Participant: 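There's a structure below that I have some questions on.
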Amino acid sequence: MYHLLKTFISIYSIIGANYKIRKFLLIRVIILSGAETNTALPRIIGGYDADIKDFPFQLSIILKVNRVADSFKGAAVIVSRHAALTSASNIAFVHGGLVRSGNLYLRGNTSKWLDDKDGCDHQIVRTTLHPKYTTISMDYNLAVIKVKEPFKAVFEKSIPVSKKHYRYRDDQTVTILGWGKTSINQKGPTAVLKYVDVKIINHQKCYDAYA
């Protein structure tokens with residue numbers, strides 16, 4: 001987790017001035033995205049409904065059956081016209097098979113992953129896991145997704161990249177996004193994207209508690 005936090009924060013930390021939420025911690029966007037894995041579904045407790053207009057870089061990963069969304073597989077963020085960033089743990093369980101089937105998509109332009117009307121779907125053609133990622137330590141938990149159709153809808157924008165030497169501050173308030181659980185008893189992801197503000201914990205304290 002320590003290496004993952006360090007990697008993400010050094011790449012993507014601040015949202016541009018045109019967005020309402022200017023300071024952002026991408027690692028939490030992806031970890032709390034609510035991917036349907038064998039582990040417990042992550043949660044966003046006390047969150048608020050998010051408008052895609054304020055977070056146009058946000059994507060859901062969906063499996064389509066008969067041309068409509070069938071199940072939610074996680075979340076990602078746009079980093080270029082044909083690429084998105086997610087966590088390796090989000091995509092590892094669909095890496096290969098479902099991609100080759102042609103039924104796995106990234107859905108943008110909407111806050112609702114089930115939105116077959118306004119959502120813009122982009123077929124996933126390739127996924128690349130970080131070469132150092134392992135399920136044992138969960139370090140280097142990164143993956144890049146390549147899509148066939150470019151991201152070009154009104155609310156499909158690449159997330160701005162922070163400066164190379166940007167460093168976040170302990171106790172700095174940041175925003176997390178996701179479709180994760182909002183209560184303990186909830187069985188699946190939320191229908192609408194959620195956000196909540198949290199404070200960054202010191203690296204060493206986090207490492208000592210969870211490494």
Side-chain angles (χ1 to χ4, degrees), residues 1-13 24-45 57-63 71-80 82-107 113 122-147 158-159 161-162 164-168 170 172 174-181 188-189 198-211:
M1 181 64 71
Y2 174 76
H3 295 297
L4 176 57
L5 284 167
K6 185 176 180 180
T7 303
F8 263 116
I9 292 167
S10 65
I11 300 176
Y12 302 102
S13 297
F24 208 81
L25 191 60
L26 255 185
I27 175 62
R28 303 312 299 163
V29 177
I30 295 173
I31 286 182
L32 294 178
S33 60
E36 294 178 350
T37 63
N38 293 328
T39 58
L41 193 67
R43 302 186 298 275
I44 294 185
I45 306 300
F57 48 82
Q58 187 67 48
L59 303 165
S60 56
I61 304 171
I62 60 170
L63 176 65
S71 58
F72 176 79
K73 299 299 181 183
V77 290
I78 301 171
V79 292
S80 73
H82 286 89
L85 189 68
T86 187
S87 63
S89 55
N90 256 355
I91 207 71
F93 71 105
V94 296
H95 183 62
L98 282 180
V99 174
R100 288 192 296 271
S101 75
N103 295 322
L104 202 62
Y105 290 78
L106 291 180
R107 173 165 286 180
W113 69 270
H122 307 264
Q123 187 178 35
I124 296 175
V125 295
R126 187 171 69 222
T127 57
T128 304
L129 308 184
H130 193 291
K132 293 185 179 181
Y133 168 70
T134 69
T135 56
I136 298 174
S137 68
M138 297 298 287
D139 285 341
Y140 304 101
N141 193 359
L142 301 167
V144 175
I145 299 174
K146 184 178 180 180
V147 296
S158 296
I159 190 166
V161 180
S162 65
K164 182 178 180 180
H165 299 293
Y166 172 80
R167 293 293 182 269
Y168 69 94
D170 293 349
Q172 179 178 338
V174 294
T175 302
I176 58 176
L177 282 170
W179 284 272
K181 287 185 178 181
V198 297
K199 289 187 179 296
I200 294 177
I201 299 174
N202 175 272
H203 260 321
Q204 191 59 50
K205 290 181 179 178
C206 183
Y207 185 81
D208 292 341
Y210 299 104

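Treat the numbers as computed from the prediction; the structure is a model and nothing was measured. The analysis underlying the following values was restricted to heavy atoms, covering all of them including side chains, and did not include hydrogens, waters or symmetry mates.
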Participant: Considering non-hydrogen atoms only, spot the tightest contact between Ala83 and Val144 and give its length.
Facilitator: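 So the minimum-distance heavy-atom pair works out to CB-CG1, 4.4 Å.
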
Participant: Please name all residues satisfying side chain to side chain donor-acceptor pair (under 3.5 Å) with Thr134, sequence neighbours left out, ordered by chain then number.
Facilitator: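 Residues passing side chain to side chain donor-acceptor pair (under 3.5 Å) with Thr134: Ser137.
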
Participant: For the atom pair CZ (Phe72) and CG (Leu63), what is the distance rounded to the nearest 0.5 Å?
Facilitator: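 The distance works out to 12.5 Å.
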
Participant: For the atom pair NE2 (His130) and OG (Ser87), what is the distance rounded to the nearest 0.5 Å?
Facilitator: 13.0 Å

Participant: So, do Trp179 and Gln58 sit near enough that their side-chain heavy atoms are less than 4.5 Å apart?
Facilitator: yes

Participant: What are the two closest heavy atoms between Asn141 and Ala88, and how far apart are they?
Facilitator: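 That closest heavy-atom pairing would be OD1-N, 2.8 Å.
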
Participant: Over 60° means perpendicular and under 30° means parallel, so tell me whether Tyr168 and His203 are parallel, tilted or perpendicular.
Facilitator: perpendicular

Participant: Ignoring hydrogens, what is the shortest heavy-atom contact between Val99 and Arg126? Give both atom names and the distance.
Facilitator: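 For Val99 and Arg126, the tightest heavy-atom pair comes out as CG1-N, 4.0 Å.
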
Participant: Taking all atoms of both residues into account, what is the closest heavy-atom pair of Ala75 and Thr86, and its distance?
Facilitator: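 It is O-OG1, 2.7 Å.
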
Participant: For Leu106 and Ala76, which heavy atoms make the closest approach, and how far apart are they?
Facilitator: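 Of all heavy-atom pairs spanning Leu106 and Ala76, the closest is CD2-CB, 4.3 Å.
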
Participant: Compare every heavy atom of Cys206 with every heavy atom of Ile201, then report the nearest pair and how far apart it is.
Facilitator: CG2-N, 4.2 Å

Participant: Using the test side chain to side chain donor-acceptor pair (under 3.5 Å), find all partners of Lys199 that sit at least two apart in sequence or belong to another chain.
Facilitator: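 Once residues adjacent in sequence are excluded, the partners of Lys199 under the side chain to side chain donor-acceptor pair (under 3.5 Å) criterion are Thr173.
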
Participant: For residues Tyr133 and Ser89, determine if any side-chain heavy atom of one lies less than 4.5 Å from a side-chain heavy atom of the other.
Facilitator: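 Side chain of Tyr133 against side chain of Ser89, heavy atoms only: contact under 4.5 Å found.
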
Participant: How long is the span from the CG atom in Leu85 to the CD1 atom in Ile91, to the nearest 0.5 Å?
Facilitator: 11.0 Å

Participant: If we ignore hydrogens and angles and just use 3.5 Å, is the side chain of Thr127 paired with the main-chain N or O of Ile145 as donor and acceptor?
Facilitator: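 No: the side chain of Thr127 does not pair with the backbone of Ile145.
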
Participant: Working to the nearest 0.5 Å, report the span between NE2 of His122 and CD1 of Ile61.
Facilitator: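 Interatomic distance, His122 NE2 to Ile61 CD1, rounded to 0.5 Å: 13.0 Å.
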
Participant: So does Trp113 get a backbone contact from the side chain of Arg107, meaning a donor-acceptor N/O pair under 3.5 Å?
Facilitator: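 Yes, Arg107 side chain to Trp113 backbone: donor-acceptor pair under 3.5 Å.
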
Participant: Do the side chains of Ile159 and Ile78 get nearer than 4.5 Å, heavy atoms only?
Facilitator: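 No. Closest side-chain heavy atoms not under 4.5 Å.
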
